[in-house]
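Computation of the quantities below employed the complete heavy-atom set of this structure, encompassing side-chain atoms and omitting hydrogens, waters and symmetry-equivalent molecules.
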Amino acid sequence: MAASSYSATPTAMRAETLTRCCYSTTSTLIGFGSLHTSSKLLFTTSSDSRRAKRSLYVKSASSVPEQALQDTSTRLDEGDLVSFTPDAASIASSIKYHAEFTPAFSPEKFELPKAFFATAQSVRDALIINWNATYDYYEKKNVKQAYYLSMEFLQGRALLNAVGNLELTGAYGEALKKLGHDLENVASQEPDAALGNGGLGRLASCFLDSLATLDYPAWGYGLRYKYGLFKQCITKDGQEEVAEDWLEIGNPWEIVRNDVLYPVKFYGKVVTDSDGKRHWIGGEDIQAVAYDVPIPGYKTKTTINLRLWSTKVASELLDLHAFNSGEHTAACEAQSNAEKICYILYPGDESAEGKILRLKQQYTLCSASLQDIVAQFERRSQGQVKWDEFPEKVAVQMNDTHPTLCIPELMRILIDLKGMSWKEAWNITQRTVAYTNHTVLPEALEKWSYELMQKLLPRHVEIIEMIDEQLVDDILSKYGTSNPEILVQKLNTMRILENIDLPASVTDLLVKLQENKADDSSESLEVDDSSESLEADDSSESLEADDSSESLPIHDEAVDEDNEHEEEEDIEKNKDAITEPSPPPPPPPKMVRMANLCVVGGHAVNGVAEIHSDIVKEEVFNDFYELWPEKFQNKTNGVTPRRWIRFCNPNLSDIITKWIGTEDWVLKTEKLAELRKFVDIEDLQIEWRRAKRSNKTKVASFIKEKTGYSVNADAMFDIQVKRIHEYKRQLLNILGIVYRYKKMKEMTAVERQANYVPRVCIFGGKAFATYVQAKRIVKFITDVGATINHDPEIGDLLKVVFIPDYNVSVAELLIPASELSQHISTAGMEASGTSNMKFAMNGCVLIGTLDGANVEIREEVGEDNFFLFGAKAHEVAALRKERAEGKFVPDKRFVEVKEFVRSGAFGSYNYDELLGSLEGNEGFGRADYFLVGKDFPSYIECQEKVDEAYRDQKRWTGMSILNTAGSYKFSSDRTIHEYARDIWNVQHLEIP
């Protein structure tokens, strides 16, 4: 067989053993010893202070046929090895080494996919050094560590972020040029990690970046979804879903830890042993195996861990006899049941099987993570385990309600496996766990079927029942028995178990209270009657002689008897016509309220924006807030300025650094406020507009590539990118565009140019696969775009584009190019939002309602630099009531735009179901629950103000600069400092 250009000699093959390293804090060698002295890979780092520029030495002397590459190698004798910043030559050598010795592709060519993998593996070498050092230091110091559990981590691409955090972007760019490639083109080969969907996962990833950058001891835990949520395709029929393929060619960043394996159980039964202890036995057993991903901090050695769980079963569970008998599906059933747990993010849950799979996912995350956390605690205790110190070493943060099962699972581990009493375990659990609420939507406050949970997790239901009993006792202690109505109301709203009988002792107490109240009422009535009679006697003696007063009750009884006889006769006459009585309605389903369990089982509950936290306290969990006010906090969300401006918008970043005079703003975003003093300087405005124009040109090319539409980079770029949902009101946006288009069509060409600013309206986001109305909205947007974009009368004055398969990488392209961004959810329904922060940070002006973090953004950037419209949160309930009573009168412009859509202007598709949701006064899916019609007039009038402001480019550029200057508060660094101080009580720990 002919040898390829990358054939490895036996000597070179032994280079794979060169992964032994040692650290030095005094600018000395980090060496990787090889079995062969002519094959070495060496890294060094110099860091006398935390933010000193890191130095890295990479050397490969492996067999490399290409003479040119040999010439670029850095050759040093071991005695000459000193710390230095890696240059392009040493990095190119490292990349070439990985292309040859850790290949994922055939050896004949060095094309872009292979270049990406080799480059990523080269970067990973540098990360592993700091990663291991961080892990070892945490083990040695045994300080308190935060563990962030989330069903989503929307990481985005890792390559550019990693080399940026390592301060090696320039060196890697030059190295790849030497190898015939461009860094951006190589980076574009990386698929986005399909581990999340929207803001929940993106927030979690920002938090990990800030935790590492700020040197807080922390890990993230999630699931390793093989196929993600889905890949979105846009066709003439709207959105179609296909499986994500992000793992098809492997993931160069992850390392499987085959020795980190935990059992996870489902089903089975609970038994009591001879000493009274409860044990969960039998059922279905799977294994959770760890895949670790390094998360590097910016300008620091700290590199924390994101541990993702994948699921499998032991090999012996493959039924070989059945397989060899031809029963292949049955033989592999155990493997299939285990592996599918980590196939899809948020599998459809309309079927019973879908619900079971979702609950399995949540429990797998919680069980594997907590077993791992407990194992780390025991290991770090070095044989001196003191369980009462567990909350002093461990902080568990539940990102929304998905990880709620952490609470009963930790209780199970502590009681059943570690032998603690209920009181001890409950005290530890409550001091360890905290909960972040992300929604005020009732349907998003998770509830699980009691029967389903009892079947799948029988021991956990027992524990939840005991927690619920303890909660009932707390409610009784707080509110007493003086007012049974209030007590019953509190129990109904606060209990974890819904539609499930109270403990017998409490039921008996309530019955007794009701009986006592009835007796008291009866006595009160008798007293009242007596007093009235006495008063009557005193006031008029003539009544005593009037027998008519005594005849009244006799007359009433006679009437009653007559009526009874008539009813009996009627029944007798119609006996044949009487049908069987209607069956009683089914009892309401028994449910487990996960959000209530989070509040009860944790020591802290936080909202994610000031207005949201107020709603949480005053509405969503008001009863709990009255009981435990000290638990409730606000932690306004933030985004990492590294990924979301420094790396994704280098042109603007350079301008900011130039005018502020330092790059410190990347770590200390409060320095962004210094831009305010330069806002009116013409040179800054010219540079600012030039950077924005450059970014818009890139997006115009991207739109052409992805959609086929050509757009004008000189038009205003108006962007709404987020998960498609009725409350986020993409429907309001597109109806506003339809209205704009209709008015344009009614004008002459000259009038259009005079009245309208050219706009490119860009949408992006995924509708959940089973969310029919959201998918109708996607279809509507694409139909409107297809009509407008091909209208020669309109031309470049208006374009409508839907970007397919919106993800982090697309956001990193769109956000720097944005000029107007729409955050127009119904007031009081968005918890916070984080894309609004990213847009503002990149100098984009926002149009929006007073909802979520919009409120605080408007305060920081200035009211004149935010386009506000729409109803306020405190007005929404009254507006819905007005609608239900039939008092709402729609604006004639809203009626006009709906009629225009129904006229067939955008094709033959029937939009009655979509528009019908905006009509009527009551009914499911009707009555305009999200107030699109109510806010429509305010919205289009606000858009007229947007056009007016954009015509004055000096004013608009000033608004843009002030948005960036005012965005400093919305760094995730600030948010993480607050979590660390107020909830987790973890301390900064710098890696030496």
Basic-acidic side-chain contact under 4.0 Å: [X], [Y]:
X	Y	answer
Glu498	Arg593	yes
Arg431	Glu392	yes
Glu626	Lys490	yes
Glu409	Arg412	yes
Lys728	Glu830	yes
Glu284	Lys360	yes
Glu885	Lys881	yes

Is any side-chain heavy atom of [Y] closer than 4.5 Å to one of [X]?
X	Y	answer
Leu731	Leu918	yes
Thr636	Val608	no
Leu597	Pro408	yes
Trp426	Leu410	no
Lys631	Lys617	no
Val855	Asp851	no
Glu446	Gln362	yes
Tyr979	Thr436	yes

Quick one: list whatever passes side chain to side chain contact (heavy atoms under 4.5 Å, CB included) with Ala767, sequence neighbours left out.
-> Gln239, Ile724, Ala774, Lys775, Val778
With sequence neighbours excluded, tell me which residues meet side chain to side chain contact (heavy atoms under 4.5 Å, CB included) with Asp982.
-> Gln633, Lys635, Glu978
Do we see a donor-acceptor contact under 3.5 Å between the side chains of [X] and [Y]?
X	Y	value
Trp984	Gln397	yes
Asn437	Thr439	no
Gln371	Ser367	yes
Glu610	Ser613	no
Asn836	Asn854	yes

Are there more than 12 heavy atoms of other residues, nucleotides or ligands under 6.0 Å from atom [atom1] of [X]?
X	atom1	answer
Glu913	CD	no
Glu630	CD	yes
Lys512	NZ	no

Could you tell me whether a side-chain N or O of [X] sits under 3.5 Å from a main-chain N or O of [Y], the two making a donor and an acceptor?
X	Y	value
Glu875	Lys872	yes
Lys265	Ile281	no
Gln361	Ile341	yes
Asp928	Gly916	no
Asp416	Trp280	no
Glu152	Gly198	yes

[atom1]-[atom2] distance between [X] and [Y], expressed to the nearest 0.5 angstrom:
X	Y	atom1	atom2	value
His402	Leu149	NE2	CG	12.5 Å
Glu389	Lys393	CD	NZ	6.5 Å
Ile486	Thr481	CD1	OG1	12.0 Å
His438	Leu203	NE2	CG	5.5 Å
Glu451	Met591	CD	CE	9.0 Å

Only pairs at least two apart or in different chains count here, so list each salt bridge (charged side-chain N to carboxylate O under 4.0 Å, His left out) that has a residue in residues 267-282.
-> Arg278-Glu462
Near-ring test Tyr346/Phe768, centroid separation under 6.0 angstrom | no
Scan the side chains in residues 464-476 for donor-acceptor partners under 3.5 Å anywhere in the protein, sequence neighbours excluded, and list what turns up.
{"unit_1": "Glu465", "atom_1": "OE2", "unit_2": "Tyr450", "atom_2": "OH", "d": "2.3"}
{"unit_1": "Asp468", "atom_1": "OD1", "unit_2": "Ile496", "atom_2": "N", "d": "2.9"}
{"unit_1": "Asp468", "atom_1": "OD1", "unit_2": "Leu497", "atom_2": "N", "d": "3.4"}
{"unit_1": "Asp468", "atom_1": "OD2", "unit_2": "Arg495", "atom_2": "NE", "d": "3.0"}
{"unit_1": "Asp468", "atom_1": "OD2", "unit_2": "Arg495", "atom_2": "NH2", "d": "2.8"}
{"unit_1": "Gln470", "atom_1": "OE1", "unit_2": "Trp422", "atom_2": "NE1", "d": "2.9"}

For [X], check ring-ring contact (aromatic ring centres under 6.0 Å, His included) against everything at least two apart and list the hits.
X	answer
Tyr435	none
Tyr479	none
His823	Phe839
Tyr727	His725

Residue pairs meeting ring pair (Phe, Tyr, Trp, His ring centres under 6.0 Å), one or both in residues 599-636, sequence neighbours left out, come to Tyr625-Phe632
So which pairs with a foot in residues 482-508 pass ring pair (Phe, Tyr, Trp, His ring centres under 6.0 Å), sequence neighbours left out?
-> none
Only counting residues at least two apart or in another chain, list the ones meeting salt bridge (charged side-chain N to carboxylate O under 4.0 Å, His left out) with Lys934.
-> none
Residues two or more places apart in sequence or in another chain: which of them pass salt bridge (charged side-chain N to carboxylate O under 4.0 Å, His left out) with Lys423?
-> none
Face-on cation placement of Arg729 at Phe930 ring, 6.0 Å and 45° thresholds = no
Please determine which of Asp508, Leu491, Leu509 meets the side chain to side chain contact (heavy atoms under 4.5 Å, CB included) test together with Leu502.
-> Leu491
